[in-house]
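Report on one structure; see the data block that follows.
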Amino acid sequence: MNTALKEIAASELNAIINKIAAAGVVGAGGGGFPTAFKLKTKTPIRTVIINGAECEPLLKVDQELMARYPEELLATLATLVQATGAETGVITLKEKYREAHAVLAGEIRNYPGLRLHLLPDVYPMGDEHLLTYNVTGQTIPPGGLPLQAGAVVLNVETLYNIHHALAGRPVTHKYVTVTGAVRQPVTARLPVGTPVRELLNLAGGPIENEYLLIAGGPCMGKVTSFNAPVTKTTKGIIVLPLDHPLADRYRRDLNRELKIALKACCQCMQCSDFCPRHLLGHPLEPHRVMRAVTCGLADITLPQALLCSECGLCDFYACPFSLSPRQVNRKIKAELQQKGFRPGPWQATTPSPFREGRQVPTKRLIDRLGLKEYAARPVTFIEDSITVNRVHLPLRQGAGVAPRPVVRVGDRVEKGSLLARIDDDTLGSGLHASISGTIITLNSEIIIEGGGD
């Protein structure tokens, strides 16, 4: 490419990045990393990968979007491929998503630079490291990013939000699956900031008097509350009866877990044998981390915890005693990050020859988690206008710093109005009004009272 063409391509990409940043687009799959920063790189991008694996059991958002908006998704992906100078764009989805596969396969013929890549139904295939290896055949260095393998990975809903951003429409709504012990599981489009209780009402309410609410998926989610707001990264709300085994695991005390591990961990190595990152060749061995912690050893093993993706296979599937290396790794990561620990470059190895045979089928994981009953239920898709009279918008809804408010209490705002901005070249994302109304509170969150979609 000559100099003039390079300048035109760079100008086009900058314009796209600016629109994405102005719309407040972040990774909608749960990570929340500002999308503009993913694309703002000097590293050559060879492949733009769209993550449609939706690896967490029970969630249905990306499957629905791929089936309903193939033209919008593919056109937006083609725009990104052209602007970044990538060689190809790939939409990945599991073989079992037959409806989405059929409509995408029919539409993608119009885009010669794009292709579909079918994935096996194993968990956690949506992990960026696993997905990049599956698509490109290249491993990302441990602790690294897809860019180091020449790839950028974007979630399906993130791509759909980019479609809107290029048309000047900011992120104001979120698609969320509400499932589990509810009367009618739904996947619904609703304003960001909608309280969880409103989602439960859409699903007909819980069918149990006492229940636990998990935001996200059943494996990597976090306990949430009845009044917590939907954010830009909320993918699902799982309702579990309090006496469900998975609900019991989510309520366990980590200190108690460590005491049990001290007595029960027999170093069988099954947590490491099934660890997806370990099987990819990363120097992560959960059984060694458990040994170091439970025996009070301050050895060099502990920084391995920083490589943990927290997928939960070690405790939900592998450990015969239901111990939780994942929770231990999470605690170690938090402590190391608080101390400002920066590991040196990890030495990469090749994927294990046992990797393919040790992948965990999602159906088997669902059975192990006791979710077969919920997985079999049909999920209703709701995209009609949903009236919400009050939204709670946390200022920080993704990676980076919180944006700076540009409104005051008492201001009247319209849906899509800018509420808080992020300074140029600062990692973070702006925030926009998800409904029209009046600002009644402004602190670490902005509360709008009004109504309407």
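None of the values given here were measured: they were computed from a predicted structure.
Side-chain rings of His164 and Tyr160 approach one another, their centers coming within less than 6.0 Å.
Between Ile446 and Leu395, the closest side-chain pair of non-hydrogen atoms falls below 4.5 Å. Taking 4.5 Å as the limit, every side-chain heavy atom of Val176 sits out of range of all side-chain heavy atoms of Val61. For the pair Val156/Glu54, no side-chain contact is recorded, criterion being any heavy-atom separation below 4.5 Å from C-beta on. The side-chain heavy atoms of Leu284 and Cys308, taken from C-beta on, include a pair separated by under 4.5 Å. Between Leu104 and Met66, the closest side-chain pair of non-hydrogen atoms falls below 4.5 Å. For the pair Leu80/Ile16, a side-chain contact is recorded, criterion being any heavy-atom separation below 4.5 Å from C-beta on. Using a 4.5 Å heavy-atom threshold, the side chains of Pro276 and Ser309 count as separate. At least one side-chain heavy atom of Arg330 sits less than 4.5 Å from a side-chain heavy atom of Arg326.
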From CA spacing to verdict: salt bridge (Lys or Arg N to Asp or Glu O under 4.0 Å), Glu335, Lys331: CA-CA 6 Å; Glu335 291 179 354; Lys331 183 176 177 63; 3.6 Å; yes
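A donor-acceptor distance shorter than 3.5 angstrom exists from the side chain of Gln63 to the backbone of Leu59, with no hydrogens or angles considered. The closest donor-acceptor contact from the side chain of Tyr374 to the backbone of Leu240 lies at 3.5 Å or more, if one exists at all. Of the possible donor and acceptor atoms, one in the side chain of Asp127 sits under 3.5 Å from a partner among the backbone N and O of Leu130. Checked by atom type and distance alone, the side chain of Gln397 pairs as donor or acceptor with a backbone atom of Lys232 at under 3.5 Å. For the pair Arg377 (side chain) and Gly180 (backbone), a donor-acceptor distance under 3.5 Å is present. Checking side-chain atoms of Gln270 against main-chain N and O of Pro320 turns up no donor-acceptor pair under 3.5 Å. Between the side chain of Arg277 and the backbone N or O of His282 there is no donor-acceptor pair closer than 3.5 Å. Judged by distance alone, the side chain of Gln304 and the main-chain N or O of Glu285 form a donor-acceptor pair under 3.5 Å. Panel note: side chain Ser436, backbone Lys415; a donor-acceptor pair is recorded below 3.5 Å. Remark: side-chain polar atoms of Ser434 are paired, donor with acceptor, to backbone N or O of Val192 under 3.5 angstrom.
Here the shortest heavy-atom pairing between Tyr250 and Pro218 reads OH-O, 2.8 Å. In terms of heavy-atom proximity, Gly89 sits nearest to Leu77 at C-CD2, 4.0 Å. Counting all heavy atoms, side chain and backbone alike, Thr234 lies closest to Pro229 at OG1-O, 4.4 Å.
We find the OG1-CG distance between Thr187 and Leu202 to be 11.0 Å, quoted to the nearest 0.5 Å. Here Phe33 contributes atom CZ and Glu128 contributes atom CD; the two are 10.0 Å apart, rounded to the nearest 0.5 Å. We find the CG-CD1 distance between Leu58 and Ile366 to be 6.0 Å, quoted to the nearest 0.5 Å. Rounding to the nearest 0.5 Å places CD1 of Ile386 at 13.0 Å from CD1 of Ile435.
Electrostatic pairing of Glu310 and Lys333 counts as a salt bridge here, judged by a charged N lying under 4.0 Å from a carboxylate O. Classification of Glu64 and Lys60 as a salt-bridged pair fails, no side-chain N sitting under 4.0 Å from a carboxylate O. Taking the charged nitrogens against the carboxylate oxygens, Asp121 and Lys363 have no contact shorter than 4.0 Å, which rules out a salt bridge. With salt bridges taken as basic N to acidic carboxylate O contacts below 4.0 Å, one links Lys174 and Glu157.
Results of the side chain to side chain donor-acceptor pair (under 3.5 Å) test with His117 over Thr136, Thr92, Asn134 single out Asn134 as the only residue that passes. Across Ile49, Ile162, Asn51, a single residue satisfies side-chain contact (heavy atoms from CB on, under 4.5 Å) together with Leu154, and that is Ile162.
In this pair, Phe381 and Tyr175 present their aromatic rings parallel. The plane angle is below 30°, not in the 30 to 60° band.
Heavy atoms of other residues, nucleotides or ligands lying less than 6.0 angstrom from CD of Glu99 number 12 at most.
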